[in-house]
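Remarks on the structure that follows.
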Amino acid sequence: MAQGDRIEIDYDYCYQSGECVLFVPEVYRFGEEGYPELVEGGVEKTPTSVLAGTVDDCPSGAITLIRGKGG
């Protein structure tokens, strides 16, 4: 991971397909209402390429990767 990378999820677009939770459970999990939420510390431990893959694989386009320094 590049220093300062972060993930944002736009819940107005998310339709709970679960692709992110299925493929990267160290970063995403289902919250109480069935929407994905970030696992504490998961983004920091995950390579930028994997984070970018979750953006590309999200069928609703609800995930955004904001790259930090070196990203």
Side-chain angles (χ1 to χ4, degrees):
M1 172 200 86
Q3 182 180 349
D5 281 357
R6 60 188 175 92
I7 291 285
E8 290 185 357
I9 303 170
D10 187 333
Y11 295 107
D12 290 334
Y13 290 99
C14 179
Y15 54 77
Q16 303 165 306
S17 71
E19 299 290 321
C20 55
V21 175
L22 178 65
F23 292 114
V24 195
E26 60 273 15
V27 176
Y28 304 94
R29 67 174 171 229
F30 284 114
E32 289 183 25
E33 295 187 24
Y35 285 96
E37 61 185 23
L38 297 173
V39 172
E40 188 174 335
V43 172
E44 294 81 7
K45 297 175 186 174
T46 304
T48 299
S49 60
V50 173
L51 297 174
T54 66
V55 173
D56 295 339
D57 293 341
C58 178
S60 65
I63 301 173
T64 302
L65 171 64
I66 289 99
R67 295 193 171 198
K69 291 182 180 181

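Reckoned from all heavy atoms, side chains included, excluding hydrogens, waters and symmetry mates. As the structure is a prediction and not an experimental result, all values here were calculated from the model.
Under the salt bridge (charged side-chain N to carboxylate O under 4.0 Å, His left out) criterion, Glu37 pairs with Arg29, not counting sequence neighbours. In this structure Glu8 satisfies the side-chain hydrogen bond (donor to acceptor under 3.5 Å, both in side chains) test together with Arg6, sequence neighbours excluded. Checked against side-chain contact (heavy atoms from CB on, under 4.5 Å), Val24 has the following partners two or more places apart in sequence or in another chain: Glu26, Val27, Tyr28, Val50, Thr54.
When side chains are defined from C-beta on, Thr48 counts as touching Leu65, because their heavy atoms get closer than 4.5 Å.
From Leu22, atom CG reaches atom SG of Cys20 across 9.0 Å, with rounding to the nearest 0.5 Å. Atoms CD1 and OG1, on Ile9 and Thr64 in that order, are 9.5 Å from each other to the nearest 0.5 Å.
Both Ile63 and Phe23 are assigned to one and the same hydrophobic cluster, defined by single-linkage of ILVMFWY side chains at heavy-atom distances under 4.5 Å.
Residue pairs meeting the side-chain hydrogen bond (donor to acceptor under 3.5 Å, both in side chains) criterion with at least one partner in residues 9-21, sequence neighbours excluded, do not occur; the list is empty. Screening residues 54-63 for salt bridge (charged side-chain N to carboxylate O under 4.0 Å, His left out) gives no qualifying pairs among residues at least two apart or on separate chains.
Cys14 and Ser60 get closest at one heavy-atom pair: CA-OG, 3.6 Å. Residues Val39 and Pro25 share a closest heavy-atom pair of CG2-O, 3.7 Å.
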